[in-house]
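Order of listing sets the numbers, starting from 1, for every ligand and every atom in it.
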Amino acid sequence: MSLRKTCLISFFFFFFFLIPSLIQLTNADPRVEIVYKECRKDHAQNMSQYLESYSKVVNDIQEQMQRNKFGFAAAGESPNRLYVLSQCLDDLSNEECATCFTDIRTVFPGCFPSTGGRVYLDGCFIRGENYSFYREALSPLDYKICSDVQDDSKSFNNLARSLISELIKRVPKNNNYADGHENSLNESVCAMANCLRTLDENSCSSCLKNAAKSALACLPSTEGRVLNAGCFLRYADYGFVNNPKIHAVQDAVFSFAVYVIVAIVVCLMAIAVGIFVGRIVYERLNRQQQSNLSALDIDSSLFKRSLNFNYSTLEKATEYFSEANKLGQGGYGEVFKGTLADGREIAVKRLFIRGENHTQDVYNEMDVISRAEHKNLVRLLGCSITSRASLLVYEFLVNKSLDCTLFGKLSKLK
Ligand SMILES: *[C@@H]1O[C@H](CO)[C@@H](O)[C@H](O)[C@H]1NC(C)=O
Ligand SMILES: *[C@@H]1O[C@H](CO)[C@@H](O)[C@H](O)[C@H]1NC(C)=O
Ligand SMILES: *[C@@H]1O[C@H](CO)[C@@H](O)[C@H](O)[C@H]1NC(C)=O
């Protein structure tokens with residue numbers, strides 16, 4: 001695979017899978033519409049101290065919300081000590097919850113200079129007071145909102161009744177949260193109930209019993225919400241839950257997809273870098289080799305065809321360049337007959353070339369021969385170039401005048 005292709009594929013993955021996936025994640029619904037806001041009638045005695053406390057407290061709670069979808073904190077000196085608690089409805093994801101709190105923390109100060117109040121957004125709520133209210137299940141400020149649209153049908157009212165009473169039984173044993181929906185032939189009801197995290201099972205249960213009574217009093221309205229100090233209850237004839245189970249599955253699928261995509265991208269990047277670096281190194285080596293070769297003035301194809309012989313192999317083949325094996329001598333060197341271990345007969349030319357250009361001259365000689373390979377010319381089998389000697393190895397041709405072939409024609413070629 002070419003470097004350009006690899007890079008293209010990496011970027012393709014990056015732009016067409018990873019980025020849209022990330023955008024999808026931010027495409028959450030923190031449900032920040034204001035549902036209800038109620039402020040205390042009495043005023044704080046020292047407002048500047050109260051505001052100072054508020055800014056401390058919300059920063060603390062913001063962190064808790066991201067982690068737990070719930071948070072509380074207090075700051076300041078009595079009688080100006082401020083207690084604040086916030087919680088998201090549990091169908092929100094942690095990210096949605098943090099976003100909802102970012103919104104609601106700016107709405108709450110609208111109650112100042114009151115000593116406190118409550119704000120309900122669609123997805124989260126906040127309450128602040130100059131006393132500790134964390135375990136309150138019910139209060140005189142509890143409130144319900146019923147829609148103007150009504151559905152008088154018996155089936156809708158029966159569905160709502162059965163769903164709500166079933167739901168409030170589940171909540172205290174289900175981490176203080178439950179949602180559900182019921183359908184008949186042409187009707188459907190969706191409901192959700194959530195207790196404060198600070199309430200125990202009994203307080204949650206009694207808060208919800210009160211809330212259910214209020215909600216059922218909303219019927220036949222098609223929608224109702226109950227905002228008690230310690231719990232929240234909502235029903236409607238349409239779906240409004242950010243299904244946390246679907247969320248969990250989506251999150252799992254999403255993180256798996258991200259994991260796989262990141263792994264693929266990293267792999268492709270690694271391959272791309274590998275190819276890139278490999279190519280640079282290869283090209284550099286190639287260039288170096290080429291410059292070495294050109295310094296020796298040698299056709300690189302020669303190397304592909306030639307074979308290096310061990311000096312000792314040739315020594316043995318020619319019986320240590322014995323006089324008995326000497327075939328002749330010319331201007332460039334002596335020629336010996338040799339026999340390789342495998343029985344092949346060879347002619348070894350020992351060059352007289354010496355001095356600084358020694359190696360270059362040998363290669364030049366080889367180059368000329370290899371280029372001039374010809375029916376009438378002996379075939380060059382290889383060479384052995386060491387500090388001791390420069391040896392060229394040829395095919396041994398019995399019926400031809402070696403002297404002529406090796407010295408006459410080569411000299412002419414040169
Ligand atoms: C309000 O509290 C601040 C300290 O937070 C203090 O400096 C200031 O004097 C107080 N004001 C009154 C009117 O008590
Ligand atoms: C809360 O504020 C009100 C009005 O300023 C005050 O009367 C009351 O004592 C305060 N409560 C506490 C517990 O400080
Ligand atoms: C559903 O059907 C019942 C009768 O079976 C009817 O009274 C009711 O109005 C219908 N509701 C809707 C929303 O169409």
Original post:
Does the protein put a heavy atom under 4.0 Å from atom 14 (O) of ligand 1?
Top reply: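 Given the 4.0 Å limit, the answer for atom 14 (O) of ligand 1 is yes, a protein heavy atom qualifies.
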Original post:
Is there at least one protein heavy-atom neighbour under 4.0 Å from atom 5 (O) of ligand 1?
Top reply: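 Yes.
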Within a reach of under 6.0 Å around [atom1] of [X], are more than 12 heavy atoms found that belong to other residues, nucleotides or ligands?
X    : atom1 : value
F72  : CZ    : no
D148 : CG    : no
R170 : CZ    : yes

**OP:** Measure the distances from the heavy atoms of E129 to every atom of ligand 2 and state whether one is below 4.0 angstrom.
**Re:** no
Original post:
Passes ring pair (Phe, Tyr, Trp, His ring centres under 6.0 Å), F125 versus F232? Steps please.
Top reply: CA-CA 10 Å; F125 72 92; F232 172 89; 7.8 Å; no
Subject >> Test of ring centre spacing under 6.0 Å for Y50 and F112 >> reply: yes
**OP:** Taking only heavy atoms of D42 into account, list the atoms of ligand 2 that are under 4.0 Å away from them.
**Re:**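 Answer for ligand 2: 3 (C), 4 (C).
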**OP:** Would you mind telling me if ligand 2 is within reach of the side chain of R81, the backbone, both or neither, using heavy atoms under 4.0 Å?
**Re:** neither
**OP:** Please confirm whether H43 comes within less than 3.5 Å of ligand 2 when only nitrogen or oxygen atoms on both sides are compared.
**Re:** yes
Original post:
Among protein heavy atoms, which sits nearest to atom 7 (O) of ligand 2, and what does the distance come to when rounded to 0.1 Å?
Top reply: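 Closest protein heavy atom to atom 7 (O) of ligand 2: Q45 NE2, 4.6 Å.
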**OP:** Run down the list T115, N46, N130 and name the one with the heavy atom closest to atom 2 (O) of ligand 2.
**Re:** N130
Subject >> Ion pair E77/R81, N-O distance below 4.0 Å >> reply: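 Looking at R81 together with E77, the answer is no, because their closest N to O distance does not fall below 4.0 Å.
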